[in-house]
Amino acid sequence: MSLYIQDKYQVPHPELASGWVRNIGLRLDYWSRGKECKLSPRIGLKYFLRPDFAVKSAWGHYYQFITIPSIKEGEIFEKLPISVFQSWRLLGGKLEPLNASHYILEVEKWFSEATNFTAESYYKEMRNLLEISFGDLFSREIKDEKFTVGKGYGYGIEFLLKSGNRWISYAYSITRRKMGNIWFAPPHDRRHSFNINFAHPFWDTWRFGVIWMYGSGLPYTGKIGKYQWMEFDPWANEMEWWHWEYIRGRRGGVRYPPYHRMDVRVSKDFKFKGVDCAAYLQVINVYNHKNILFCYWDNSTSPPTLMGVTMLPIFPSVGIRVNF
Amino acid sequence: MERYIWLIVLVILYGCEQPIRPEYYPQEKYKKEPNVFSVISPEYFRQKVFVRWSYKVTESLPSGEWTGVSGAQVVVSSDEQEVTFNELPDSPGVYASESLAVKSQEVYSLKVVYPDNKKVTGTTRVPSEFHILNPADGDSVSAEDTLVWEESSGSASYLIKHGIAAYDTIFEEDWVEIGNVTSISFSILFSHRSLVEGDTLWLQIAAIDRNYRDYLRIPSCGTEGLIHLNGGIGVFGSLTMSNSIIVIIKE
């Protein structure tokens with residue numbers, strides 16, 4: 001059960017055409033499983049130095065009572081959409097609710113009504129993050145003791161220049177997690193992200209759009225050593241066979257190659273029996289860049305080769321969108 | 001339409017894998033470690049210790065598939081005895097002894113000193129003797145009956161070896177780890193095939209210690225936290241076997 005109150009207050013400054021906007025909120029959550037109340041205060045301030053230039057800051061404390069725990073072992077399980085098979089976990093008992101504190105500072109500049117630029121820096125602290133081993137994931141009933149409870153933080157700066165349907169953005173970010181005694185880069189810790197979105201209408205009802213995205217490599221836990229794991233027949237006291245098992249290096253200590261791709265889309269708006277429709281042709285990954293989903297060691301070559309399993313190649317599609 | 005589906009599948013599969021450039025390889029240093037495997041048992045006439053190295057992930061095996069380490073000193077000791085194992089002449093890296101008398105519930109220590117003086121040590125307590133309680137050897141059972149055995153003190157899990165001879169098949173044999181329980185129904189144990197009247201089952205159970213149980217879990221859980229040796233990787237574990245029984249499936 002939750003209760004939320006908010007107070008928005010604006011102080012105009014008549015001489016400079018500037019002023020404050022203050023936004024204060026308070027959320028009260030009653031958490032029946034933990035039988036306790038949690039208060040989540042938040043405050044936002046926006047100060048207009050000029051009518052076309054503002055500085056914003058915000059602080060908030062947030063609780064989350066339900067979560068999908070991250071998986072501890074193996075980069076394949078950290079990367080693949082295995083969360084499809086995971087269930088949400090209602091927190092309670094020995095597991096405290098996730099909570100986070102956010103600190104945000106932003107500047108905003110308007111060049112015209114349609115064009116503006118923002119630069120936002122942030123710092124976030126996260127507590128009571130949950131992690132579970134892959135082996136325990138599919139247990140019929142997962143006990144609270146099976147989870148590792150950790151914490152983390154993230155900070156960064158994001159720039160966005162937007163003009164109508166076109167925008168360009170860059171983000172620099174760092175995220176760290178601590179599980180047990182180890183600080184590490186989690187699988188989503190992307191250092192640089194760069195995006196361009198260009199959309200342009202032509203011939204009245206046609207639209208052309210291009211998106212290009214670039215992301216520096218995501219971290220994973222690399223394998224640095226290997227040994228022969230013995231397939232032993234305990235009844236015959238004989239060695240039957242062996243296969244390679246691996247020694248993993250520092251958690252999140254290796255990064256995949258950068259991710260980038262370009263998508264192009266052409267669409268035509270039309271009406272069908274009075275309903276707004278659009279037919280489109282879209283090509284995902286136009287230049288067929290082989291982005292890596294996860295990798296494995298191929299020991300059939302000498303020396304062994306690190307092989308990457310790639311994501312979607314060039315992928316054309318056609319469709320009709322109907323707006324109800 | 002079918003040909004277009006195949007075309008789409010081909011497009012998806014095209015370029016599913018590609019080698020990753022070496023600058024994206026893990027740069028962390030790894031030094032090879034001793035890799036030792038040994039499971040001892042009162043039922044074994046000859047106890048063995050397999051001595052090998054681990055490798056960097058970028059290394060190939062130096063010569064074929066046999067990579068045993070010769071010239072190591074291998075000693076297994078208990079309160080009552082200390083036995084030096086000798087390398088088998090035709091199997092480099094395999095050390096054996098026929099004079100180590102392994103007894104249930106005794107604690108044994110392994111010490112392996114590699115030619116470059118790297119040392120690996122480990123200990124194991126041999127699980128206690130135990131017997132199958134139900135059914136008795138020669139009984140006729142139904143598929144719904146349950147196999148029951150005594151608890152073996154010091155065991156962390158049990159392995160069940162089961163063989164089946166039927167009119168329409170040749171003798172099938174397999175074994176499975178079932179966890180730390182002392183009973184299991186035949187229908188679950190043979191869930192991969194239905195049992196029919198006249199099937200003859202051969203059963204034997206092994207109680208295994210924590211070290212060997214954890215080693216068996218490595219392929220599904222990874223190496224971290226499942227090695228109980230000092231100075232290397234691998235296992236020094238132990239097991240005790242029950243009596244074996246033969247039962248026939250009745251109507």
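No hydrogens, no waters, no symmetry mates; every other heavy atom, side chains included, goes into these values. Throughout, a chain's letter reflects where its sequence line sits, starting with A, and its residues are numbered from 1. Everything numeric in this text was worked out from a predicted model, so none of it was measured.
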Practice task
Using a strict 4.0 Å threshold on nitrogen-to-oxygen distance, state whether A:Glu131 and A:Arg177 make a salt bridge.
Solution key: no
Practice task
Please name the residue in the list A:Tyr246, A:Tyr227, A:Trp229 that meets the side chain to side chain donor-acceptor pair (under 3.5 Å) test with B:Thr223.
Solution key: A:Tyr227
Handout entry: Which of A:Ile247, A:Ile224, A:Asn299, A:Asp298 touches chain B most, by non-hydrogen pairs under 4.5 Å
Key = A:Ile224
Exercise for the section: Over all heavy atoms of both residues, which pair between A:Pro186 and A:Arg176 is shortest? Give the atoms and the distance, please. Expected result: CD-CA, 4.0 Å
Exercise for the section: Please confirm whether B:Phe190 and B:His162 have ring centers closer than 6.0 angstrom. Expected result: yes
Fill in the blank from the handout: Bottom line for A:Arg255: the part with an atom under 4.5 Å from chain B's heavy atoms is backbone
Handout entry: B:Gln204 versus A:Trp235, side-chain donor and acceptor atoms under 3.5 Å
Key = yes
Completion exercise
So, the part of B:Ile218 with a heavy atom under 4.5 Å from chain A: the answer is both
Exercise for the section: Measure distances from A:Trp297 to the heavy atoms of chain B and classify the residue's part below 4.5 Å as side chain, backbone, both or neither. Expected result: side chain
Problem - Check: A:Phe232 and A:Pro234 side chains under 4.5 Å, non-hydrogen atoms - result: yes
Practice task
State whether B:Asp209 and B:Arg125 are salt-bridged, where the test is any N-O pair (Lys NZ or Arg NE/NH1/NH2 against Asp/Glu carboxylate O) under 4.0 Å.
Solution key: no
Practice task
Indicate the ring-plane relationship of A:Tyr220 and A:Tyr256, choosing parallel, tilted or perpendicular according to the 30° and 60° boundaries.
Solution key: parallel
Practice task
Just do the side chain to side chain donor-acceptor pair (under 3.5 Å) check on B:Tyr212 and B:His228 with the steps written out, would you?
Solution key: CA-CA 9 Å; B:Tyr212 186 36; B:His228 304 292; over 6 Å; no
Problem - Per-residue contacts, residues 301-309 of chain A versus chain B, heavy atoms under 4.5 Å - result: A:Thr301, A:Ser302, A:Pro303, A:Pro304, A:Thr305, A:Leu306, A:Met307, A:Gly308, A:Val309
Completion exercise
Honestly, the part of B:Glu224 sitting under 4.5 Å from a heavy atom of chain A is side chain
Exercise for the section: Heavy-atom distances under 4.5 Å only: say whether B:Tyr215 touches chain A with side chain, backbone, both or neither. Expected result: both
Exercise for the section: Determine whether the aromatic ring centres of A:Tyr153 and A:Trp183 lie less than 6.0 Å apart. Expected result: yes
Practice task
Examine whether an atom of B:Pro219 lies under 4.5 Å from a heavy atom of chain A, and if so say whether it belongs to the side chain, the backbone or both; otherwise answer neither.
Solution key: both
Handout entry: Proximity of A:Phe198 and A:Trp212 rings by center, below 6.0 Å
Key = no
Exercise for the section: In sequence, state the C-alpha distance, the side-chain angles, and the governing distance for B:Ser70 and B:Glu87, and then conclude on side chain to side chain donor-acceptor pair (under 3.5 Å). Expected result: CA-CA 7 Å; B:Ser70 293; B:Glu87 190 170 10; 2.7 Å; yes
Fill in the blank from the handout: If one checks every heavy atom of B:Ile20 against chain A at 4.5 Å, the contacting part turns out to be both
Completion exercise
Within residues 30-39 of chain B, the residues sitting under 4.5 Å from chain A by heavy atom, in sequence order, are B:Tyr30, B:Glu33, B:Asn35, B:Phe37, B:Val39
Completion exercise
Max heavy-atom pairs within cutoff under 4.5 Å with chain A, candidates B:Arg46, B:Lys56, B:Gln47, B:Lys161, goes to B:Lys161
Fill in the blank from the handout: Between A:Asn128 and A:Val149, the two heavy atoms sitting closest are CA-CG1, 3.7 Å
Practice task
Flag the pair A:Asp263 and A:Arg261 as a salt bridge only when some basic side-chain nitrogen lies within less than 4.0 angstrom of an acidic carboxylate oxygen.
Solution key: yes
Problem - Engaged part of B:Ile208 at the chain A interface, taking heavy atoms whose separation is under 4.5 Å - result: neither
